[in-house]
Student: 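I am attaching a structure below and will ask some questions about it afterwards.
Residue numbers begin at 1 in each chain, while the letters A, B, ... track the order of the sequences.
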Amino acid sequence: MQESYDPAAVERAAQEHWDGSGTFAAREIPNRPKYYCLSMFPYPSGRLHMGHVRNYTIGDVLARFMRMQGRNVLQPMGWDAFGLPAENAAMQNGVPPARWTRENIAYMKRQLRSLGLGIDWRRELATCDPEYYRWNQWLFLRMLEAGIAYRRTGIVNWDPVDQTVLANEQVIDGRGWRTGALIEKREIPMYYLNITRYAQELLESLETLSGWPERVRLMQANWIGRSEGTEISFAYAGDLERQMGGPGALKVFTTRADTLFGATFMAIAAEHPIATAVAAGDPRIAKFVADCGRGSVMEADLAVQEKQGLRTGLHVLHPFTGRPIEVWVANYVLMGYGEGAVMGVPAHDERDFEFATRSGIPIETVVKSASGAYDTVVAPWQDAYGEHGITVNSGEFSGLGFQAAVDAIAAALEARGIGRKRVQFRLRDWGISRQRYWGCPIPLIHCASCGDVPVPDEQLPVLLPEDLVPDGSGNPLGRTSAFFACACPKCGGTARRETDTMDTFVDSSWYFLRYASFDNAQAMVDERARYWMPVDQYIGGIEHAILHLLYSRFWTKVMRDLGLPSVDEPFSNLLTQGMVLNHIYSRHPAEGRRQFFDPAQVTTSERDGTVRHTATLPGGEVVEVQYDGLGTMSKSRNNGVDPQRLVERFGADTVRLFVMFTAPPEQTLEWSDEGVLGASRFIRRLWTAVHEHVRAGAAAPLDVGALNEGQKAMRRIAHQTLAKVTDDIGRRRTFNTAIAAVMELLNALGRFDDGSPQGHAVRQEAFGIVITALSPIVPHVCHVLWQALGHDRALIDEPWPAADAAALVQEQIEISVQVNGKMRARVGIAAGADEATVRGIVLADERVQKFIGAASPRKVIYVPGKLVNVVV
RNA sequence: GCCCGGAUGGCGAAAUUGGUAGACGCAAGGGACUUAAAAUCCCUCGGGGGCAACCCCUUGCCGGUUCGAUUCCGGCUCCGGGCACCA
């Protein structure tokens, strides 16, 4: 037994025990309640970062806790191994993405193992392994058969210099990140998954996800964006009819059919067929449409750009009044949503109001508030009235409330066959085609005579060649005939293989099912998935609140509907962990790019009230740097903290303790080097305290009936702590307060200097509680200290103890006393005292009397066992 | 721009269902031990007033509900996450 704490030795011993006895190898055990604990698998970027450490520690704490609570736990790990960073690294270093990725996996796996996570490593998978991605391809073909996967065109960012499609991330201020060229939008053929078919179910079953944070459910609901509205067809006026070469109608979708009589313009997207037709004969419109075709496709960019529009001079007719309404081409109308056209009602829509005011379009009020407070005609200096109200100036539909007006107008439109009520979702179908190399090949073959032919199942997987090195211009698969040259499966003629690969969100949409069927070479998933699914606890970053989680929910449902062993919802409980932030320091040299500095290397000084930050350049020159606030740790900002160095210096337990203690899991965590020292100090103090206790000799059996007041009090604290930790970890997931409670218990044990045999027995029990309670968080040191306390069985195999209710009983309790809501006194009362007794004691108290004075109590509020408020 | 969060001492935070604001820890200051340093241990530690008992103020800002608000409601400010090809 070591007298001084040696983290490396302790962690080696504990990990050797767990590995040697196969502690974390999970098996399906029919009659034990299972607990599938899953952390979002990492992208193998090269090194573990603090966000990973936080994520996997949270998962490990829960997995170990639930295991001790008697659950049959599965905690697997894998690698989200396809993606853009591998191609970027390949371009920089000339190394194929496959090699870079596999080397990173090997290194990061060693790092993960050093953290002492209770993972069943037999189930490890990497999405770049053909044994994994073959099932992406297989299921894609099933989706194609089921009509869930289909082909159509989509718009991408096009770099005209590199002749390549760019990811949104690679577009900076509308320019290509490598070429600096102005980005264009380009329409190309792509494959889509029909997630909108599932929109209603995805929305409805959010309500069943009671184990998900409310905010994530809200975000998903808003993302799916169900709105009930009316589709209205506006017939072409004569001028538009001539332009389009015949009669027709402009279709719009609106949630405000009640404002139909206030429509004073129509706005169509630049990509709308009418805009295209008009542009052919009008250079101004053509230029405007072309301008809209520049820049990135990102919605955030589109939303902040100034609302612009041009009048076409062409009209549609109001369905009830027959009045001509002018059609405008506008950059703020999205072709991808609804019909790509909207009716403009400036009086009752903020955006339309802004556009109309600037463009000199008339504003006509057709809704007034029910109270009549807002019933004048809107003038340009006023604002749009967007609330629901009573219709006015709306012909036969005047004087109706919102719903009545919508119903009546929709019915009248429907009777004439020019409109109907329908539901519109904001959610769009999922485009999965990527014009990139390092991803899962889409299993299709293009044949000049047969068209798009699916790759037959027996030819799967379509193997991705692993020796290519991308160069930034186009997809290298498209230049590799060994990959794309193939025979058509139907006619046998010369054909070309699809060179697009799948979105990496596909890979991560079902990996949790594969962990349960990890060694099955014959099927994507098998019956074992029914045992383990759904995931009982999923843990990952809040940044995945919408896309990854929504795609996974969709994919799981598709697998269910295709008859595979799957579930309705993949994740019963979700914990969204906050980001790990660190300070950012940078400077702009006179020439070249902005430089970022490692916060650990920045010196901060203060003189005359001015704070200065300085850093030393590689050449030795000391320069002033600016503080840019807190931000996520990233390589590009040079503010990452390497977990590996901390583990080597302090041990994994210290790092785990720090990340769990510093902030509750859902909150952002600000990095602090000093905090790590504090965590290390606490573990050493625990080590010393346990060894001092053990040196005092073996403890007598605890006789709870024979304890004196001091011993009872000590025992009460120990059991209160146990109850609190059990609740904090098991229910509240506030690991920080669990740790704080154990710290208090250890402090109390330090003050408890009872040398009697029963005192020693109380201490033995309390140290056992300290070590057990901390063991999910700092498992190595607790494993070893548990042995030091004289136990033979490994702590991880012990059941989680229940707090002794008898030990928690308190005879005397303290009541807080307020006078007029202000804290004035504390009084001790017997635990069972009734309200009258408590009132008597409180009102008789001289401190209370002082504040009441001559006044008589008007009201006395009593919160049993807690507080009395005397109102005078 | 839209959707979703957050803001409490010098710092990270706690206060679980509307009921003692600042637990626990970090930093700082003082002391003990030591030849010395490190380590360790003890004390102080939101602001103001008072010899003291004790009193007043304080949870981003403004307003409201309540006997009582860090907690609920309305309106802001700033920071963070997401916005469909980063993962």
Student: Describe the nucleic acid contact of A:V156 in one word from base, sugar-phosphate, nothing, applying a heavy-atom distance below 4.0 Å.
Tutor: base
Student: At 4.0 Å (heavy atoms only), tell me whether A:Y43 reaches a base, stays on the sugar-phosphate, or touches nothing.
Tutor: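 The answer is sugar-phosphate, as A:Y43 gets under 4.0 Å only of primed atoms, P, OP1 or OP2.
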Student: Assess whether one donor atom and one acceptor atom, taken from the side chain of A:Q818 and the base of B:G19, lie less than 3.5 Å apart.
Tutor: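 Yes, a donor-acceptor pair under 3.5 Å.
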Student: Between P on B:C4 and CZ on A:R215, what's the gap in Å once rounded to a whole number?
Tutor: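 Roughly 12 Å, once rounded to whole Å.
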Student: Taking the minimum atom-to-atom distance to the side chain of A:T504, which one of B:A87, B:A21, B:U16 wins?
Tutor: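 Closest nucleotide to the A:T504 side chain: B:A87.
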Student: Rounded to whole angstrom units, what separation is found between the CG atom of A:L218 and the P atom of B:G81?
Tutor: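 So the two atoms are 20 Å apart, to the nearest Å.
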Student: Is it true that the side chains of A:R684 and A:S680 contain a donor and an acceptor less than 3.5 Å apart?
Tutor: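 There is such a pair between these side chains.
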Student: With distance as the sole criterion, do the side chain of A:R684 and the base of B:U40 form a donor-acceptor contact below 3.5 Å?
Tutor: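 Per atom types, no contact qualifies.
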Student: Base, sugar-phosphate alone, or nothing: which one does A:H544 contact when heavy atoms must sit under 4.0 Å apart?
Tutor: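 Answer is base: heavy atoms of A:H544 come under 4.0 Å of a base.
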Student: Answer with base, sugar-phosphate or nothing: what part of the nucleic acid does A:W430 contact at a heavy-atom distance below 4.0 Å?
Tutor: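 Nothing, no nucleic acid heavy atom in range.
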Student: Describe the nucleic acid contact of A:L427 in one word from base, sugar-phosphate, nothing, applying a heavy-atom distance below 4.0 Å.
Tutor: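 Base contact.
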Student: Please report the distance, rounded to the nearest Å, between CD in A:Q220 and P in B:C83.
Tutor: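 Interatomic distance, CD of A:Q220 to P of B:C83: 13 Å.
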Student: Which part of the nucleic acid, if any, lies within contact of A:R826, taking any heavy atom under 4.0 Å across all strands shown: a base, the sugar-phosphate backbone alone, or nothing?
Tutor: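 Base contact - A:R826 has a heavy atom under 4.0 Å of at least one base atom.
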Student: Have a look at A:D727 and say if it touches a base, only the backbone sugar-phosphate, or nothing, with a 4.0 Å heavy-atom cut-off.
Tutor: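 Answer is base: heavy atoms of A:D727 come under 4.0 Å of a base.
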Student: Have a look at A:F851 and say if it touches a base, only the backbone sugar-phosphate, or nothing, with a 4.0 Å heavy-atom cut-off.
Tutor: sugar-phosphate
Student: Do you see a donor-acceptor pair shorter than 3.5 Å between the side chains of A:W671 and A:N639?
Tutor: no
Student: How would you label the contact of A:L84 with the nucleic acid (heavy atoms, under 4.0 Å): base, sugar-phosphate, or nothing?
Tutor: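 A:L84: backbone/sugar contact only, no base atoms under 4.0 Å.
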Student: Describe the nucleic acid contact of A:E744 in one word from base, sugar-phosphate, nothing, applying a heavy-atom distance below 4.0 Å.
Tutor: sugar-phosphate
Student: Find the distance A:I155:CD1 to B:A84:P and express it as a whole number of Å.
Tutor: 13 Å
Student: Just how far, in rounded Å, is P of B:G12 from CE of A:M743?
Tutor: 17 Å
Student: Mark yes when over 12 heavy atoms from residues, nucleotides or ligands other than A:N747 sit less than 6.0 Å from its CG; otherwise mark no.
Tutor: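 Yes.
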Student: Return yes if a side-chain donor-acceptor contact under 3.5 Å exists between A:N194 and A:T196, otherwise no.
Tutor: yes
Student: Under a 3.5 Å cutoff, is there a donor and acceptor pairing between the side chains of A:D80 and A:S508?
Tutor: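 Result is no, nothing qualifies.
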Student: From B:U20, B:C26, B:C24, pick the nucleotide closest to the side chain of A:R681?
Tutor: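 The answer is B:C26, which lies nearest to the side chain.
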Student: Is B:G9 syn or anti, taking syn as a glycosidic angle within 90° of 0?
Tutor: syn
Student: Would you indicate what A:M502 reaches in the nucleic acid, counting non-hydrogen atoms under 4.0 angstrom: base, sugar-phosphate, or nothing?
Tutor: nothing
Student: Whole-Å distance between B:C26 P and A:F682 CZ?
Tutor: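 Computing the A:F682:CZ to B:C26:P distance gives 11 Å.
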Student: Classify the nucleic acid contact of A:S508 as base, sugar-phosphate or nothing, counting any heavy atom under 4.0 Å across all strands shown.
Tutor: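 Contact class for A:S508: none.
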Student: Applying ring pair (Phe, Tyr, Trp, His ring centres under 6.0 Å) between A:Y198 and each of A:F554, A:Y551, A:W555, report the one that passes.
Tutor: A:F554
Student: Just checking A:F505: base, sugar-phosphate only, or nothing, at a heavy-atom cut-off of under 4.0 Å?
Tutor: base
Student: Provide the distance between the two P atoms, one in B:U8 and one in B:C4, to the nearest whole Å.
Tutor: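 Roughly 23 Å separates the two P atoms.
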Student: What is the distance, to the nearest angstrom, from the NZ atom on A:K822 to the C1' atom on B:C67?
Tutor: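 Rounded to whole Å, this separation is 14 Å.
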Student: A:Y192 ring centre to A:R152 NZ or CZ under 6.0 Å, with the angle to the axis within 45°?
Tutor: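 Yes, a cation-pi geometry holds between A:R152 and A:Y192.
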Student: With a 4.0 Å cut-off on heavy atoms, is A:P42 in touch with a base, just the backbone sugar-phosphate, or nothing at all?
Tutor: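 Nothing: the residue A:P42, judged by heavy atoms under 4.0 Å, touches no strand.
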Student: Can you find a donor-acceptor pair, distance only, under 3.5 Å between A:K724 side chain and B:U16 base?
Tutor: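 Indeed, a donor on one side and an acceptor on the other fall under 3.5 Å apart.
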Student: Atom CZ of A:R824 and atom P of B:C55: how far apart are they, to the nearest Å?
Tutor: 6 Å
Student: Would the number of heavy atoms belonging to other residues, nucleotides or ligands and lying under 6.0 Å from CD of A:Q163 be above 12?
Tutor: yes
Student: Ignoring hydrogens and angles, are the base of B:C85 and the side chain of A:Q435 linked by a donor-acceptor pair under 3.5 Å?
Tutor: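 Counting by modelled atom types and ignoring angles, a donor-acceptor contact under 3.5 Å is found here.
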Student: Let's test your reading of the pairing rules: Watson-Crick or G-U wobble, both distances under 3.5 Å, then write RNA chain B as a dot-bracket string with ( ), [ ], | and dots.
Tutor: (((((((..(((......[....))).(((((.......))))).((((....))))..(((((..]....))))))))))))....
Student: On a whole-Å scale, what distance lies between the C1' atoms belonging to B:G12 and B:G6?
Tutor: 15 Å
Student: Is the closest side-chain donor-acceptor distance between A:D159 and A:W177 under 3.5 Å?
Tutor: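 Result is no, nothing qualifies.
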